[in-house]
Asks: 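Can you read through this structure? Questions will come right after.
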Number of protein chains: 2
Amino acid sequence: MFFNLQNHSHTLIDPALAILLTNSPYDDLQMGRRSDHSREELKDLIIQATLEMVRERGADQVTARQIAQAVGYTPGMLYSIFINLQDIFLHVNQIGLRTLQSLCAEALKKNDSTEAAIKAMGLAYLTFAAQHTHQFDLMFTRHIQHPDSKPPGLSDQIRMLFELVEDQLRILNPSASDLQVKLAARALWSGVHGTAALRLSDQLYVDAPDADREIVDLLVSGFLRQWQHSPSSQH
Amino acid sequence: MFFNLQNHSHTLIDPALAILLTNSPYDDLQMGRRSDHSREELKDLIIQATLEMVRERGADQVTARQIAQAVGYTPGMLYSIFINLQDIFLHVNQIGLRTLQSLCAEALKKNDSTEAAIKAMGLAYLTFAAQHTHQFDLMFTRHIQHPDSKPPGLSDQIRMLFELVEDQLRILNPSASDLQVKLAARALWSGVHGTAALRLSDQLYVDAPDADREIVDLLVSGFLRQWQHSPSSQH
DNA sequence: GCGCTATATTGAACGATGTTCAATTAGATT
DNA sequence: AATCTAATTGAACATCGTTCAATATAGCGC
């Protein structure tokens, strides 16, 4: 599915193809490079190749050797750019969170009511989880232990996802305190996330085909009803 | 942390100790046994040893060789009783679900209102997740792909956990249909489970120390308010 | 154009993993 | 006591992530 170039010594790569692949082969080269890819390009190549394989087979069917082969290098090279295999997966998750967040943000627009907007966002969340099962699994249900260095702004992105919900909740109940809004957003989104997670592991056990969608609908409308009517002074 | 017996050939085990370990060494032996443990005892020993190690270090720090050493056998033996290492983990999860379910069932009793009962069950859920982090992680957030043979009644136990919630919901709104009760129970419990899962991976991002408890409180009271007032003919 | 140097990349190794299976061992049966 | 049969071994296999000395190459100064 990906391109293979493992012929560094014998066959030379077609220069035109090389340009196509790198699309900027004369970047800021400083020292003796063996391939046509800059450091940053290589990093992107690896992440993209890993992302593709994760989407196809799932994270635990993706090995370091496979990634290396997909980008036309040796496994050892990976460790000159990334700390770990987990480090690579962390960067893949970063992409996943970015797309998930933009999907949710997009779903918020073009809705009559705030409630409809939140529901649309919940459905977008479920849809992403259903369409990119393996990727969603890698993001949330697989426990990735952080390496020594913190993930590069990964937690910030989750925070931003929450803030989308918080904004909507603030609209509905402007007198609520910041802490209340934060808690409510997490309460609400825990429900959506929990539904997606349970559905992903086939643990919903309801006959209805669109059970997850109905559950989120129920969840959001129920929660918002009380959120709008709750006084700001509530415990 | 566990007992080691890897001296089958040279040193004989103290018979008193052996009885202590097996507590019924003369069961229904039929054929040539090498050790003092029956087939069923061995199965329990393995599961218990694995459970203990999972609780201490987490599932991905537990290897087949470690389990074998903990029960005083060779790795190969495990495969005469279990299909897989995953199969062992599945049985460990069975125990985990049993205790989690009994904890929840216990929390339901001795409460003034039905709402208080459900909240108590939610807190019990959170408490278990917090106290047995690694075990909870193995149960839910780690994606275990089922072997060929179905897990022995594992899904039934999750179903039973849901039924505890369903029973409470039925009390509050007796006119609701079966499907409505099922969906509502999953909506509600997805919130509780999602909260536990997010808290487990430190993705709640709220300063409050008991944020998870407050969230569940908010979630349950909000949801029940609409559940009691919703007509049975909804949607 | 030619060596020189610096470094990107290799490739082979290491230890550890889950799993298999022929060989062996020992209790039960005769 | 000999035999049978099943439990258990132990060594091997393939594969994994990861490391690192060795190597090959690209750009620099000349």
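Letters A, B, ... mirror the listed sequences (proteins, then strands); counts begin at 1.
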Asks: Look at B:Asn84 and C:dT19 and indicate whether a side-chain polar atom (N or O) is within less than 4.0 Å of OP1 or OP2.
Replies: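 Result: yes.
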
Asks: Under the rule for ring-ring contact (aromatic ring centres under 6.0 Å, His included), what residues qualify as partners of A:Phe128, not counting sequence neighbours?
Replies: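 Checked A:Phe128 against ring-ring contact (aromatic ring centres under 6.0 Å, His included); matches are A:His132.
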
Asks: What residues, two or more places apart in sequence or in another chain, satisfy side chain to side chain donor-acceptor pair (under 3.5 Å) together with B:Thr74?
Replies: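 Side chain to side chain donor-acceptor pair (under 3.5 Å) list for B:Thr74, sorted by chain: empty.
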
Asks: Distance check needed: D:dT19 P versus A:Asp87 CG, whole Å only.
Replies: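 Atom CG in A:Asp87 sits about 12 Å away from atom P in D:dT19.
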
Asks: For a quick test of reading the model: is some side-chain N or O of A:Tyr79 closer than 4.0 Å to OP1 or OP2 of D:dT19?
Replies: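 Answer is no, no contact under 4.0 Å.
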
Asks: Could you give the angle between the helix axes at the two ends of the helix from C:dG1-D:dC30 to C:dT30-D:dA1, with five pairs per end, rounded to 10 degrees?
Replies: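 For the helix from C:dG1-D:dC30 to C:dT30-D:dA1, the axes at opposite ends meet at about 10°.
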
Asks: Round to the nearest Å and state the distance from A:Ile83 atom CD1 to D:dT19 atom P.
Replies: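 Taking atom P of D:dT19 as the reference, CD1 of A:Ile83 is at 11 Å.
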
Asks: With sequence neighbours excluded, what pairs up with A:Ile95 under the side chain to side chain contact (heavy atoms under 4.5 Å, CB included) test?
Replies: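 A:Ile95 satisfies side chain to side chain contact (heavy atoms under 4.5 Å, CB included) with A:Ile47, A:Gln48, A:Leu51, A:Arg98, A:Thr99 once adjacent residues are dropped.
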
Asks: Does A:Glu106 have any side chain to side chain contact (heavy atoms under 4.5 Å, CB included) partners at least two apart in sequence or in another chain, and if so, which?
Replies: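 For A:Glu106, the residues satisfying side chain to side chain contact (heavy atoms under 4.5 Å, CB included) (neighbours in sequence not counted) are A:Lys109.
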
Asks: Find the distance A:Tyr73:OH to D:dT25:C1' and express it as a whole number of Å.
Replies: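 Answer to the nearest Å: 12 Å.
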
Asks: Using side chain to side chain contact (heavy atoms under 4.5 Å, CB included) as the criterion, list what pairs up with A:Glu163, not counting sequence neighbours.
Replies: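 For A:Glu163, the residues satisfying side chain to side chain contact (heavy atoms under 4.5 Å, CB included) (neighbours in sequence not counted) are A:Met160, A:Glu166.
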
Asks: Starting at CG of A:Asp60 and ending at C1' of D:dG17, how long is that distance when rounded to a whole Å?
Replies: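 Going from A:Asp60 (CG) to D:dG17 (C1'), I get 15 Å.
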
Asks: Round to a whole Å and report the spacing from CD1 of B:Ile81 to P of D:dA6.
Replies: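 Rounded to whole Å, this separation is 16 Å.
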
Asks: Taking only residues two or more places apart in sequence or in another chain, which ones pass ring-ring contact (aromatic ring centres under 6.0 Å, His included) with B:Phe82?
Replies: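 If we apply the ring-ring contact (aromatic ring centres under 6.0 Å, His included) test to B:Phe82, skipping adjacent residues, the hits are B:His91.
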
Asks: Please report the distance, rounded to the nearest Å, between CD in B:Gln86 and P in C:dT17.
Replies: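 One finds 16 Å between P of C:dT17 and CD of B:Gln86, rounded.
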
Asks: Verify the neighbour count for atom CZ of A:Arg199: are there more than 12 heavy atoms of other residues, nucleotides or ligands below 6.0 Å?
Replies: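 Counting neighbours around CZ of A:Arg199, 12 or fewer heavy atoms of other residues, nucleotides or ligands fall under 6.0 Å, so no.
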
Asks: Taking the side chain from A:Arg186 and the backbone from A:Phe162, do they hold a donor-acceptor pair closer than 3.5 Å?
Replies: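 No; judged by distance alone, with no hydrogens or angles, the pair does not exist.
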
Asks: Can you name the side chain to side chain contact (heavy atoms under 4.5 Å, CB included) partners of A:Ala124, sequence neighbours left out?
Replies: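 By the side chain to side chain contact (heavy atoms under 4.5 Å, CB included) rule, A:Ala124 matches A:Ala107.
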
Asks: Please report, rounded to the nearest Å, how far the P atom of D:dG17 is from the CZ atom of A:Phe89.
Replies: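 So the two atoms are 8 Å apart, to the nearest Å.
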
Asks: Give me the distances for all protein-to-nucleotides 10-16 of chain D N/O pairs that come in under 3.5 Å?
Replies:
none

Asks: Return the value, rounded to whole Å, for the distance between atom CG of A:Leu78 and atom P of D:dC20.
Replies: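 It works out to 16 Å between those atoms.
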
